[in-house]
Engineer: 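To start, I am sharing the structure in question, which I have written as structure tokens.
Throughout, a chain's letter reflects where its sequence line sits, starting with A, and its residues are numbered from 1.
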There are 4 protein chains.
Amino acid sequence: MVIGIPEGLEAEVGRGPQAEPSARPGRPRSPEAGSSILAAATALLAEKGLAGMSMEEVAARAGVGKATVYRRWPSRGALALDAFMGEFSSHLASPDTGSLRGDLTAALVSWERAVTMTRAGSMLAGLIAEAQRDPKLAVAWRQQVFEPLRQRHRAIISAAVARGEIGAGVDADAVLDLLFGALYHRLLHGHLPLTDHFAAQVVALVLDGVAPRPAAPAGAEDTAPAGAEDTAPAGAED
Amino acid sequence: MVIGIPEGLEAEVGRGPQAEPSARPGRPRSPEAGSSILAAATALLAEKGLAGMSMEEVAARAGVGKATVYRRWPSRGALALDAFMGEFSSHLASPDTGSLRGDLTAALVSWERAVTMTRAGSMLAGLIAEAQRDPKLAVAWRQQVFEPLRQRHRAIISAAVARGEIGAGVDADAVLDLLFGALYHRLLHGHLPLTDHFAAQVVALVLDGVAPRPAAPAGAEDTAPAGAEDTAPAGAED
Amino acid sequence: MVIGIPEGLEAEVGRGPQAEPSARPGRPRSPEAGSSILAAATALLAEKGLAGMSMEEVAARAGVGKATVYRRWPSRGALALDAFMGEFSSHLASPDTGSLRGDLTAALVSWERAVTMTRAGSMLAGLIAEAQRDPKLAVAWRQQVFEPLRQRHRAIISAAVARGEIGAGVDADAVLDLLFGALYHRLLHGHLPLTDHFAAQVVALVLDGVAPRPAAPAGAEDTAPAGAEDTAPAGAED
Amino acid sequence: MVIGIPEGLEAEVGRGPQAEPSARPGRPRSPEAGSSILAAATALLAEKGLAGMSMEEVAARAGVGKATVYRRWPSRGALALDAFMGEFSSHLASPDTGSLRGDLTAALVSWERAVTMTRAGSMLAGLIAEAQRDPKLAVAWRQQVFEPLRQRHRAIISAAVARGEIGAGVDADAVLDLLFGALYHRLLHGHLPLTDHFAAQVVALVLDGVAPRPAAPAGAEDTAPAGAEDTAPAGAED
DNA sequence: TCGTAACCGAGACGGTACGTCTGGTCTTTTT
DNA sequence: AAAAAGACCAGACGTACCGTCTCGGTTACGA
């Protein structure tokens, strides 16, 4: 079952709120301009990557003055963010399978497919790159893409806690960083392929852990040393 | 116990191998020039980030002609890569604690500390960003930083398998993507802090899993399917 | 009596015709930028000569981006040509003295003075030098400086023919090449000074010839064979 | 009759005198290197003009280190000067025809042919251009090419004075500036062709003058105009 | 027979300037 | 007042040469 995408994710993320919807004096903004800019940006992004998407060429290809672009989006990153959203958001699904494992697998696989099977993947990588050098874009990215998505994923974990599948003490953020961090890792470094199988594998590992603890009668021995190691060995090596 | 850093990590990563150590005709390259360029690059990187490190200013600050910079490093990214290595590699430790948990915790914490407590952190983020737009740099990054490090970390897991701590069927790459993916995730998105505690938490989660599987007496049905799920269900969606 | 300078000589020689005076879309070119560039170029030309007038420094001194310079002038030579015109054209006179000798002397002396007494002299030499290596500049030079000036000088000779001072068969171009060639010769080689006296001497020699042949009733036959040699002996030595 | 070329014109003009012929300690300079440099310079000069003759490429094409070039010639201009001499000097003739008109015509025509029919023409123009920006080259040019040649031409006039063809009061330098100035003028500005005919025309104009000399009340005016016509009708057919 | 001195090819050195490109802003006319 | 257009200032890009300076090696002479 596909749940709708939160509003913030829909479109025009980087744009200013543009205040009142209408009744402003002067010539109204051409809706064509905005969409042709977005189309040009999307096309360029797909063709040459974010680095090749210069505002100059976006404007030229959209048949629009540069000022018109800057009037709507404050920076290249913001424009790219919106172009990305158009490609990305519609491909994300939030099925409710009734189990934590199912929900997580569905979330990760749909993310992974959006990233590998559409133009969104390279846009996403480019955006994260751009956000490293543009703090404003980093904020916009977090507020308008990252957090809304994370909110949805946190809900999956909350539901599992509510169902009693997992303990209430689980740190949802840490779990999500593990799950999605692994996917982003392969996306950004490209050292290994990003597949459905990998997504499922990630879910399995996070839920079950690496050590199956074949039998765990006196399981205390597992956690106690672990807890001790938690802080001590860290200090040892620096 | 701190083990030495693998060779590939040491220095001059972006530079060509320069073949034989000498006996080339012509004036040999000045070692001073090379190191002053690297120093200038490192300083600029720390001051203004990768985007602010222009080749122009690196050359000026190093008291060197631009051609001298380009003779040694083919691109800004390659230079930044070497500058990063100088800062980063010496801060990584590889203690041998005797346990998988201890080894992993030590590895993650030392990485986390190198990244948060030295200039290497922002360099690292900038480099990964740059690698998204410069495929040559991406290759250099993988070959000269990523893979050597991963090799070391894979050895930690192999040792654990050899000791019988974990089963031989564990996919080391997937495990490492989980562990380090989580750290990179926080580094690149900055949504939550990157602490010693988080590093330890990540190790604990990956080793033990989210679900403590409350008891395990009747849990047979829990673990068996879980073990099966490790690989099987993933294949179902692919 | 000083006659105005022909239009082509006035200014902006290297620049495109700039078409209609206005009504073009887009921001019009700043007239200030153009004139400050020209001023900077003129100053640099006078200070360091054409070789020292780098586009880089012209732009910097004019407080203007390099692209703004290149938008107006396609090359260093074209810019120098305009800077030269500004200095040179206002110093040329075209008096009408009523006699060929008087007109030519006035023309040569005013040229000689413009060249020796203002900054125009070294600019002129530099421009001719530059035109040797830049064919486009050579064309611009001929069309926009050389030919307009020569037209005026040809008119002096035509007027003398009309007055019956000299025969109609005189080759005006050859005569002008003699007259001005001599001046340019001293300017470019600097082997002897370029003075008012020399200018007058040149006119006298061209009008009267070297051999006054005081009375030459029988002497004429001496020259006749020489006239036969006019073409023949040349073939002898190559 | 062809007279030998003065020594200064022969070769290696730009080079220092190199003092004693030998007995210097150290390895003697390779004569091959010198000649291959000169050959490479000549070829490049002919191919691309002086502006395209970079020391870098001369050295590379000659299979020689740059320092070897600079050891022999202090500047690009000096090298070009020697390359030019090699092409130019052998083409100049100094026939003794017995008459001023004949000698001058021969001198001018041989100069004109050397300039238009060999590679020397564009080299010459380029050298004069270069000399405008390099004072040392200007001096070398004057001392080693210009003055020796002028000396020879001055001798033609002196001989005519001695023969009584012209008066002793003639300013030989002014006459030569007229004669050769006209040729250089056409060479450097290229506004009209440089032909045998033009050379002869120049001689005629300078010897006879443009004006029929209204004085000469006696019948001399019959022959004098005839002498003048010697050149005037020539002008008609250009 | 050996220094020693000047040469050799090669190529790196610190610089300067090139002409192009992009970023983000500003100024026109047109709608 | 917003549109398209395009000029504005600024400055980095990577390249080409400049003239000088090491290198390791090679001649030739004088001690």
Engineer: Could you run down the sub-3.5 Å N/O contacts of the protein with nucleotides 14-16 of chain E?
Structural biologist:
| residue | atom | partner | partner atom | Å |
| --- | --- | --- | --- | --- |
| dG14(E) | OP2 | T68(B) | OG1 | 2.9 |

Engineer: R72(D) and S30(D): which non-hydrogen atoms are nearest, and at how many Å?
Structural biologist: NH2-O, 2.6 Å
Engineer: Could you say whether P28(C) or R76(A) is positioned toward the 5' end of DNA chain E, judged by the nucleotide with the nearest heavy atom to each?
Structural biologist: R76(A)
Engineer: Go through the structure and list residues passing side-chain contact (heavy atoms from CB on, under 4.5 Å) with S122(A), not counting sequence neighbours.
Structural biologist: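 Result, side-chain contact (heavy atoms from CB on, under 4.5 Å) vs S122(A): none returned.
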Engineer: Write out all pairs satisfying salt bridge (Lys or Arg N to Asp or Glu O under 4.0 Å) with one or both partners inside residues 132-141 of chain D, taking only residues at least two apart or from two chains.
Structural biologist: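 Of all non-adjacent pairs touching residues 132-141 of chain D, those that pass salt bridge (Lys or Arg N to Asp or Glu O under 4.0 Å) are E130(C)-R133(D).
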Engineer: With sequence neighbours excluded, tell me which residues meet side-chain contact (heavy atoms from CB on, under 4.5 Å) with A131(B).
Structural biologist: L137(B), A138(B)
Engineer: On DNA chain F, compare the nucleotides closest to S75(D) and S75(B); which residue's is nearer the 5' end?
Structural biologist: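 Nearest nucleotide further toward 5': that of S75(B).
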Engineer: Please report, to 0.1 Å, the donor-acceptor pairs under 3.5 Å made by any side chain of residues 43-52 of chain C, with sequence neighbours excluded.
Structural biologist:
| residue | atom | partner | partner atom | Å |
| --- | --- | --- | --- | --- |
| E47(C) | OE1 | R61(C) | NH2 | 3.4 |
| E47(C) | OE2 | R61(C) | NH1 | 2.8 |
| K48(C) | NZ | E57(C) | OE1 | 2.9 |
| K48(C) | NZ | E57(C) | OE2 | 3.4 |

Engineer: All N/O contacts under 3.5 Å from nucleotides 1-3 of chain E to the protein, with atom names and distances to one decimal?
Structural biologist:
none

Engineer: In whole angstrom, what separates R29(D)'s CZ from dG9(E)'s P?
Structural biologist: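 About 12 Å, once rounded to whole Å.
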Engineer: Does R27(D) make a side-chain N or O approach to OP1 or OP2 of dA5(E) shorter than 4.0 Å?
Structural biologist: no
Engineer: Can you name the side chain to side chain donor-acceptor pair (under 3.5 Å) partners of R119(B), sequence neighbours left out?
Structural biologist: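 Per chain and number, R119(B) pairs via side chain to side chain donor-acceptor pair (under 3.5 Å) with E87(B).
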Engineer: For the pair made of CD in E32(B) and P in dC23(F), what is the distance, rounded to whole Å?
Structural biologist: 11 Å
Engineer: Quick one: list whatever passes side chain to side chain donor-acceptor pair (under 3.5 Å) with E56(B), sequence neighbours left out.
Structural biologist: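 Partners of E56(B) under the side chain to side chain donor-acceptor pair (under 3.5 Å) test: K66(B).
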Engineer: Sequence neighbours excluded, which residues qualify as side-chain contact (heavy atoms from CB on, under 4.5 Å) partners of S36(B)?
Structural biologist: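 Checked S36(B) against side-chain contact (heavy atoms from CB on, under 4.5 Å); matches are A62(B), V64(B).
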Engineer: Using whole Å, report how far OH of Y70(C) lies from C1' of dT22(E).
Structural biologist: 17 Å
Engineer: Work out which heavy atom in L127(C) is nearest to a heavy atom in G77(C); give both atom names and the distance.
Structural biologist: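 Scanning both residues completely, I find the closest heavy atoms to be CD2-O, 3.9 Å.
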Engineer: Ignoring backbone atoms, test whether R72(D) places a side-chain nitrogen or oxygen under 4.0 Å from the OP1 or OP2 oxygen of dA6(E).
Structural biologist: no
Engineer: Using atom CH2 of W73(B) as one end and atom P of dA12(E) as the other, report the distance to the nearest whole Å.
Structural biologist: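 Rounding to the nearest Å, CH2 of W73(B) and P of dA12(E) are 14 Å apart.
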Engineer: Any side-chain heavy-atom pair from W141(A) and I128(A) closer than 4.5 angstrom?
Structural biologist: yes
Engineer: Should T42(C) and F84(C) be marked as a side-chain contact (heavy atoms from CB on, under 4.5 Å) after you check the CA-CA gap, both sets of side-chain angles, and the distance that decides it?
Structural biologist: CA-CA 7 Å; T42(C) 304; F84(C) 165 71; over 6 Å; no
Engineer: Between P on dC17(F) and CG on L44(D), what's the gap in Å once rounded to a whole number?
Structural biologist: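 Going from L44(D) (CG) to dC17(F) (P), I get 11 Å.
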Engineer: Quick one: side-chain contact (heavy atoms from CB on, under 4.5 Å) partners of A41(D), sequence neighbours excluded?
Structural biologist: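 Counting only residues at least two positions away or on another chain, A41(D) forms a side-chain contact (heavy atoms from CB on, under 4.5 Å) with M53(D), V58(D), L79(D), A83(D).
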Engineer: Expressed in angstrom and rounded to an integer, what is the separation of L79(B) atom CG from dG14(F) atom C1'?
Structural biologist: 15 Å
Engineer: Could you state the CD-P distance from E57(A) to dG6(F), rounded to the nearest angstrom?
Structural biologist: 16 Å
Engineer: What residues in residues 45-56 of chain C put a non-hydrogen atom under 4.0 Å from any atom of DNA chain E?
Structural biologist: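 S54(C), M55(C), E56(C), in order of number.
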Engineer: K136(C) has an atom NZ; how far is it from atom P of dG19(E), in whole Å?
Structural biologist: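 So the NZ-P distance, K136(C) to dG19(E), works out to 11 Å.
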